[in-house]
Amino acid sequence: MAIGARDFIDKLLVEKYASEKVDNHDENAYVSKVSADDMYGAMNVASNNYRTMLALNNRLTMVCYGVVAKSAKYRELEAV
């Protein structure tokens, strides 16, 4: 398996970024810019919103099934 540019755009990108240097080995590079508590709080809010949406969707589905069932008109089939 070869490593390298496969098409023209990849070749141009390789040429453009070949001379770039990444130097992030200082102590600040390993310190998170976002508080873990803030991240967990945001994840908790998002998951609670999703759970509420699922519960409302389930309830709405059941209500719709009930409306359709009550509005259905059943006819007796004629005997053959």
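Everything numeric in this text was worked out from a predicted model, so none of it was measured.
- Taking CG of Asn49 as the reference point, atom CG of Asn44 lies at 9.5 Å (rounded to 0.5 Å).
- Within 6.0 Å of CE on Met53 lie more than 12 heavy atoms contributed by other residues, nucleotides or ligands.
- Taken to the nearest 0.5 Å, the OH atom of Tyr65 stands 10.5 Å off from the CG atom of Leu60.
- Going from atom CZ of Arg59 over to atom OG1 of Thr61 covers 10.5 Å, rounded to the nearest 0.5 Å.
- Put simply, Val34 and Met43 are part of the same group of oily side chains (I, L, V, M, F, W, Y) that touch within less than 4.5 Å, one to the next.
- The environment of CD1 in Ile9 is sparse: at most 12 heavy-atom neighbours from other residues, nucleotides or ligands sit within 6.0 Å.
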